[in-house]
Each structure stands twice: as structure tokens, then as C-alpha cells.
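Structure first, commentary second.
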Amino acid sequence: MQLSDFPRASLAHLPTPLEYLPRLSEHLGGADVFVKRDDCTGLATGGNKTRKLEFSMGAALAEGADTVITVGAVQSNHVRQTAAAACKLGMACEVMLEHRVARPSAIYTGSGNVFLDRIFGANLREYPAGTDFNLAMEEIAAEVRDRGGKPYFIPGGASNAVGALGYVDCGVELLNQFREQELDIDHIVTATGSAGTHAGLAVGLRGSGSDLPILGIGVNAPQDVQEERVFLLAEETAALVGAPNSVSRDDIVADCNYIGPGYGEPTEAMNEAVLMLARLEGLLFDPVYSGKALAGMIDYIRTGRFGKGTKLVFLHTGGSAGLFAYADTLVL
Ligand SMILES: *Cc1c(COP(=O)(O)O)cnc(C)c1O
């Protein structure tokens, strides 16, 4: 694996810290929980998309693009980080926002990430759920070309093989930190959505010879769909970095039992997890991704599936800007 072969824009503060959570671990009375602080990647309140965007934006610049086009939900953390990255690199940012959550409040449609998108001056266009975004993207790309610009498309979550390189890098970074801190970790837990984070991590670890298991906690799709999505992207990413076939299908595990009523819909367990981490460790998680993934990890510890003495790393993928959009739905 040779990541230095790929164009890369410098956007993230790396390496992010790896920290022990003593009060949470004691409270749950089972596993020892560590947190990988990818909420601290440094760009516009941080998050996992910044690592991916180093490679996506790097590729855009290498192709001579001056405009990026991307897509996400109204409260997309990916869109917020892309809008900020475009500002930092002097590019224009065209955004397609999908209304994915039913009956959104005015706070949901105006605060949190979408408020920050507006601060970054991104050109926002809103679409109903289920829109054909390939078609919409082609229309915007044609507009950009008509005005003499050069567009570059970044898919939702920057989850293609190029974006997933950011998490190949994170996998390598984690292995270095385990070595430096003399940690013998048993399991990594992460939220998994558009799949690039999970897929990239799997390639980063397996491509480095590590067989450390990864548990993805799904936030939108059913298990078979999510695992297949991660696996296909992992295969593509592995081929891109020159570690073909390093990940096997049964190595990709996603538990999709913590989604609740749907993507972006609050659950009691997410609510409890967000408050627990805030009040025990002073850490902010998000309602859509990391909060539901935490709810999954907490349930695994409580039910003994992660037993006493197990050493876990929870990948904190960020998203706290999205909390403000849930100010009227979280129960405090
Ligand atoms: C996008 C996102 C994820 C999921 O990462 P994918 O690469 O899309 O699977 C998890 N947590 C947060 C906060 C995110 O914004």
C-alpha cells in the first residue's frame, strides 16, 4: 500500500488523538473503551469526511477542477466539511441537499450543519427524497461548464475508492498508535453509513497484516445491503492501493439493529448514549451516526458480547454540529 502515490490536499490535523475513557468504562463495568478522536480532524468542527476529502479534493485539484459538486441529507456532515474544504482550497461548492427525514422541524432545516453550509457560501439546492442525483448532478455539471468552470463530482459521504483512502490511512495510523501506546486492542467499533469509513479501515488494517475485527453499526440500510456495500467498496479500494483481495466478504460485519424508525430519526438508546458520553467524559457525539453507533457498543457491553477486560476502540466520526438541529427532539 502506497498512499503517497495519490494526490492529497492537506486539510486534517493528523494524527488524531487516541484516548482512554475511564469514567465510561467504569460506569459500564465491562470492556475498556478507548476513543479515536476523528471528531478532532480540525476542519469546520471536524469529523470523518475530512480525511476522505484530503484525497477527493486532491484528485479534484489534480484534474484542474475549480468547482466541486456533492450531495447529502439536509444535516449532512459531509456537505459541511466539503463546503469548508472548498473555501480553504479556493474552489466553488455546489450542493444537492436531499430531504431524507420526514416531517423536519424548522430547527432541522435551518440550524446545525445546513446553517454552517450557508456560512461557507456553498450554493445549496434542495430536492425531495428519492431524487435521481446522477441526473441532477449532470445538470449542475453542465451549468458549471457553461459558465466556463470545471466540475468534479464527489459522491455522498465521499464514499468511493478515492475517498476511502482517507480511512486506509486511519487504519495505518491506529496501528502505529497501538504500537506507541503499547495497547493490545481486541475490537474496533464504528458507525457505518455510506460505507467509505468502514471499507477504508478494513483495507488499512488487512493491507497492513492486522486481523483486528471491526464492527460497523449501521445507520440506514439493512444488514445484508450494508455489508455488501462495504465489501464492494473495500474490494475497489484494496485494488486501488495495490492490496487486492485483502478483505474477505465474511470479514465485513455490520449490525443494523440500532437504526430505530429510520435514518436521522432519534432513538431512546441514542439519546441515552449521547447524554452518557457528555456527562461522563465531556464528549459530544451526534444523533444520526456516532450516537447510534455508541448505543450499539453500549448494548454489546451490557449484554456481555464485549466482555470484561475486552479492549475496544470506538471511532468517533464527529458530527456534533448536527446536535443543534436536534435541539427540540433530544430529551435532556
Ligand atoms: C458520514 C458519517 C459517518 C459514516 O461514515 P461513512 O463513511 O459514510 O460510512 C459516521 N459518523 C458521522 C458523524 C458522519 O458524518
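Nothing here was measured: the structure is a model prediction, and the numbers come from that model. Computation of the quantities below employed the complete heavy-atom set of this structure, encompassing side-chain atoms and omitting hydrogens, waters and symmetry-equivalent molecules. Each ligand, and each atom within it, is numbered from 1 in the order the structure gives.
- If you number the atoms of ligand 1 from 1 as listed, the ones under 4.0 Å from a heavy atom of Ser159 come out as 7 (O).
- Scanning the protein heavy atoms around atom 10 (C) of ligand 1, the nearest turns out to be Thr317 OG1, 3.2 Å.
- Among all non-hydrogen protein atoms, the one lying nearest atom 5 (O) of ligand 1 is Asn48 ND2, 3.1 Å.
- Side-chain contact, Gln177 with Lys36: a donor N or O sits under 3.5 Å from an acceptor N or O.
- Atom CG of Leu294 and atom CG of Leu24 lie 8.0 Å apart (nearest 0.5 Å).
- Heavy-atom distances between Gly318 and ligand 1 reach below 4.0 Å in at least one pair.
- Looking at His198 against ligand 1, nothing comes within 4.0 Å, counting heavy atoms.
- Listed by number with element, the atoms of ligand 1 under 4.0 Å from a non-hydrogen atom of Gly319 are 13 (C).
- Counting only distance, with no hydrogens or angles, the side chain of Glu54 and the backbone of Ala12 share a donor-acceptor pair below 3.5 Å.
- Atom numbering of ligand 1 starts at 1 in the shown order; those under 4.0 Å from a heavy atom of Asp286 are 13 (C).
- Exactly one of Asp38, Leu215, Thr317 qualifies for a side chain to side chain contact (heavy atoms under 4.5 Å, CB included) with Thr190. That residue is Thr317.
- Among protein heavy atoms, the minimum distance from atom 14 (C) of ligand 1 is reached at Lys49 NZ, 2.9 Å.
- Between the CD1 atom in Ile252 and the CD atom in Glu227 there is a gap of 8.0 Å [rounded to 0.5 Å].
- For ligand 1, the polar-atom distance check against Lys52 finds a nitrogen or oxygen pair separated by under 3.5 Å.
- With Phe55 as the aromatic partner, Lys49 does not meet the cation-pi criteria of under 6.0 angstrom to the ring centre and within 45 degrees of the ring axis.
- Between Tyr20 and Phe34, the angle of the ring planes lies from 30° to 60°, which puts this pair in the tilted group.
- Residue Ala195 has at least one N or O atom closer than 3.5 Å to an N or O atom of ligand 1.
- Neither side chain, Tyr289 nor Asn48, offers a donor N or O lying under 3.5 Å from an acceptor on the other.
- At least one heavy atom of Ser194 sits less than 4.0 Å from an atom of ligand 1.
- Ligand-side atoms of ligand 1 in range of Thr192: 9 (O), range being under 4.0 angstrom from any heavy atom.
- Among all protein heavy atoms, the one lying closest to atom 9 (O) of ligand 1 is Gly193 N, 2.7 Å.
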Give the C-alpha distance, both sets of side-chain angles, the deciding distance and a yes or no for side chain to side chain donor-acceptor pair (under 3.5 Å) between Arg51 and Thr16.
CA-CA 11 Å; Arg51 281 188 193 268; Thr16 59; 3.3 Å; yes
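- Here Ala293 has no heavy atoms under 4.0 Å from ligand 1, in either its backbone or its side chain.
- Residue contact check: Asn77 has heavy atoms under 4.0 Å from atoms 13 (C), 14 (C), 15 (O) of ligand 1.
- Put simply, the side chain of Thr41 gets close to the backbone of Gly47: a donor and an acceptor are under 3.5 Å apart.
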